[in-house]
Amino acid sequence: MTLEFGLDTFGDITANQSGPQSAAQVIRDTLAEAVLADEVGLNYFGLGEHHRPDYAISSMEPLIATILAKTKSIHAGTSVTVLSSDDPIRLYQRFATLEALAPGRAEITIGRGSFTESFPLFGYDLEDYETLFSEKAQLLHALLSQEKITFRGHHRTALQNVTVYPRPEQPLQVWRGVGGSPDSVLEAAAMDMPLVMAIIGGNPARFAPLADLYRKARAQAGGPELPLSVHSPGHIAPTDEEAKERFFPAYAKMHDLIGRTRGWPPFTRAAFEQEIAQGSLYVGSPETVAQKIARTMGVLGLQRFTLKYSAGPQDPAHLRETIALYGTEVAPRVRALLAEAPAKV
């Protein structure tokens, strides 16, 4: 499989010298960032679903459609769709429509998500957190694998020999996003879904057993090999120090905002430096970031690496520079490193 390099954003509310940007401006900037990603040769641009004041993107498909219309080759998709509070049939229909408009370029990544605001917003009970996702994932899998579906669950009326329209001309591209659960990895393998591992802290090598479990499950099922991807945060600047100084204040602010509701301690500069040196922050010059991505891809046997390039109230100009350096310098360097010495990175 060829190596691919992508970007993810949740539409973090950015800020420049004039102060915070509006959500509308962030959405417009995100479109421009996706166009830039296409121009510098990146393979994927993902949008995450959130329903909070610190993120601008809640409805991803209109923006995905515009991105696909304004770009030439990059794939665009969700990173992730919170399937538990969505409707699998409507999701299938939306992406069958996108597939018709941009064949082979629209992708879905389903997951539970790490925020729960969508549950009360759309009328779901958090007590059903696990069963909602499991049932809806099964229904989506049925939609993807069968033309006529019969389905019975606890959270919706039964379906009997139903065909959902429009029918896509080729199968929809659906990935499964996981945080670290072996059961989720096995479910992805059983449902014929490529795997995205969200690694946002700690040494990425600790996910090697999950990557191996996925490959073994696919082999035992006799199915074709499917790609593995990692999603991790990072920032690229001309030098290591410049990247750190740009990224830390906004990243720490984002971390502490979320952490206040989850009992996290304040994010320190020492913790930041540790995550860069030994963990899952890809922050530095193009060479530094390329070396680290190559190590991760080599250790985990990845086919795609996706950089979560927006994190807190960063300057939009810095985000654009990260994208440009990632596409023009980092991705080619990673390919060269893995081609030169795949066993040593």
Do the side chains of E245 and R269 get close enough for a salt bridge, i.e. N-O under 4.0 angstrom? yes
Centroid-centroid under 6.0 Å between H235 and Y282 rings: no
Hey, does the Lys NZ or Arg CZ of K244 hover above the aromatic six-ring of F272, less than 6.0 Å from the centre and inside 45° of the axis? no
What residues form a salt bridge (charged side-chain N to carboxylate O under 4.0 Å, His left out) with E169, not counting sequence neighbours? none
Connected to I13, directly or through other members, by ILVMFWY side-chain contacts below 4.5 Å are V26
May I ask you to say whether E49 pairs ionically with R112, meaning some side-chain N is under 4.0 Å from a carboxylate O? no
Can you give the donor-acceptor pairs under 3.5 Å from side chains of residues 139-151 to other protein atoms, not counting sequence neighbours?
from	atom 1	to	atom 2	distance (Å)
S145	OG	H141	O	2.7
K148	NZ	T163	OG1	3.4
T150	OG1	N161	N	3.0

Could you name each residue pair satisfying ring pair (Phe, Tyr, Trp, His ring centres under 6.0 Å) that touches residues 74-109, not counting sequence neighbours? none
Identify the heavy atoms of L47 and M60 that sit nearest to each other, and give their distance. O-SD, 3.0 Å
Hey, could you give me each pair passing salt bridge (charged side-chain N to carboxylate O under 4.0 Å, His left out) that has a residue in residues 152-166? Not counting sequence neighbours. none
E321 with R246: basic N within carboxylate O range, under 4.0 Å: yes
May I ask you to check whether T288 and S285 show a side-chain donor-acceptor distance below 3.5 Å? yes
Does any pair with a residue in residues 157-166 pass salt bridge (charged side-chain N to carboxylate O under 4.0 Å, His left out), and if so which ones, sequence neighbours excluded? none
Residue pairs meeting salt bridge (charged side-chain N to carboxylate O under 4.0 Å, His left out), one or both in residues 201-219, sequence neighbours left out, come to D192-R218, D212-R215
Measuring centre to centre across the rings, with the benzene-like ring taken for any Trp, is H50 within less than 6.0 Å of F115? yes
Could you give all pairs that pass the salt bridge (charged side-chain N to carboxylate O under 4.0 Å, His left out) test and reach residues 50-77, with sequence neighbours left out? R52-D54, R52-E117, E61-R94
Residue list, ring pair (Phe, Tyr, Trp, His ring centres under 6.0 Å) with F133, at least two apart or on another chain: none
Quick one: which residue pairs count as a ring pair (Phe, Tyr, Trp, His ring centres under 6.0 Å) with a foot in residues 185-227, not counting sequence neighbours? none
Ring centres under 6.0 angstrom apart (F10, Y55): yes
Identify each donor-acceptor pair in which a side-chain atom of residues 247-262 lies under 3.5 Å from a protein atom, sequence neighbours left out, and give them as a table.
from	atom 1	to	atom 2	distance (Å)
D256	OD1	F267	N	2.9
T261	OG1	I258	O	2.9
R262	NH2	S114	O	2.4

By side chain to side chain contact (heavy atoms under 4.5 Å, CB included), which residues pair with A317, not counting sequence neighbours? D315, R320
Assess the pair Y129 and F119: is the distance between their ring centroids shorter than 6.0 Å? yes
Min side-chain heavy-atom separation Y309-D8 under 4.5 Å: no
